[in-house]
Amino acid sequence: MRLSYVTIIVVVPRSAPSRFSIRTTIALLSLSVAAVRSSANTILGLRQSSVPIDALVEPESLKTGEVWLRCDVKRRRTWIVVDAFSGPKTSPKSDRSDTATFLNTFPMYGIRDEILYLSWLRQHLRTDKPTLMAPCRGAIVAASDLPAQLLALAELHL
């Protein structure tokens with residue numbers, strides 16, 4: 001399976017009246033979530049509209065404005081992430097793995113304050129306990145110890 005991802009950019013002109021800006025932002029966000037849900041279904045190999053995205057999650061202290069999606073897929077807490085984490089390279093035989101990897105450029109180009117980001121990550125891993133991760137780069141990662149893997153990777157590289 002070939003993995004793909006959707007980049008969402010919402011631009012609201014400063015000169016627009018505030019009521020127009022809010023309406024426009026809500027409309028664009030709704031369309032964006034629909035596009036991301038469709039992309040998530042494709043990435044995870046599910047039928048249309050089966051991924052109930054319950055949160056857009058914005059990690060603290062990033063330079064990039066990266067946003068993750070949190071959802072449940074077949075009763076598994078799932079994170080769809082952009083650059084913070086990755087999976088191993090996919091092969092023709094498999095697009096899944098049980099081991100997460102780290103994008104080496106992320107600390108330099110993605111994180112503003114490492115301590116604040118690590119604190120945020122610890123808190124969300126403790127409360128969410130994801131066991132499935134669909135990264136933009138690499139294989140989908142499914143592991144019961146995924147929170148521990150992600151934290152160990154972040155602590156090692158930051």
Side-chain (T101) to main-chain (S86) donor-acceptor, under 3.5 angstrom: yes
One should read off an interatomic distance between L156 CG and L151 CG, to the nearest 0.5 angstrom, of 11.0 Å
So the ring pair (Phe, Tyr, Trp, His ring centres under 6.0 Å) pairs with at least one residue in residues 132-158 (sequence neighbours excluded) are F102-H157
Side chains of residues 103-115: which donor-acceptor partners sit under 3.5 Å, not counting sequence neighbours?
unit_1 : atom_1 : unit_2 : atom_2 : d
R112   : NH1    : L62    : O      : 3.2
D113   : OD1    : I115   : N      : 3.0
D113   : OD1    : L116   : N      : 3.1

For T127, the side chain to side chain contact (heavy atoms under 4.5 Å, CB included) test, sequence neighbours excluded, returns none
side-chain hydrogen bond (donor to acceptor under 3.5 Å, both in side chains) filter on Q123, not counting sequence neighbours, yields none
- Mark yes when over 12 heavy atoms from residues, nucleotides or ligands other than K89 sit less than 6.0 Å from its NZ; otherwise mark no. no
By side chain to side chain contact (heavy atoms under 4.5 Å, CB included), T131 pairs with (sequence neighbours left out) R76
Output for pair (R122 CZ, Y117 OH), nearest 0.5 Å, gives 11.0 Å
Across all chains, not counting sequence neighbours, the side chain to side chain contact (heavy atoms under 4.5 Å, CB included) partners of E58 are none
Taking every heavy atom of G87 against every heavy atom of V141, the minimum-distance pair comes out as CA-CG2, 3.9 Å
Shortest non-hydrogen pair, Q149 vs T99, comes out as OE1-CA, 3.3 Å
Those residues at least two apart in sequence (or on a different chain) that pass salt bridge (Lys or Arg N to Asp or Glu O under 4.0 Å) with D98 are none
With sequence neighbours left out, the residues meeting side chain to side chain contact (heavy atoms under 4.5 Å, CB included) with D128 are R70, R77, W79, P130
In short, salt bridge (charged side-chain N to carboxylate O under 4.0 Å, His left out) pairs touching residues 140-150 with sequence neighbours left out are none
To the nearest 0.5 Å, atom OG1 of T78 lies from atom CG of L69 at 10.5 Å
Applying salt bridge (Lys or Arg N to Asp or Glu O under 4.0 Å) to E60 and not counting sequence neighbours gives none
The complete set of ring pair (Phe, Tyr, Trp, His ring centres under 6.0 Å) pairs with one or both residues in residues 127-147, sequence neighbours excluded, reads none
The complete set of ring pair (Phe, Tyr, Trp, His ring centres under 6.0 Å) pairs with one or both residues in residues 121-150, sequence neighbours excluded, reads W120-H124
Heavy atoms of L150 and A100 approach each other most closely as CD2-CB, 3.8 Å
Distance col, row C71:SG vs L132:CG, nearest 0.5 angstrom, shows 8.0 Å
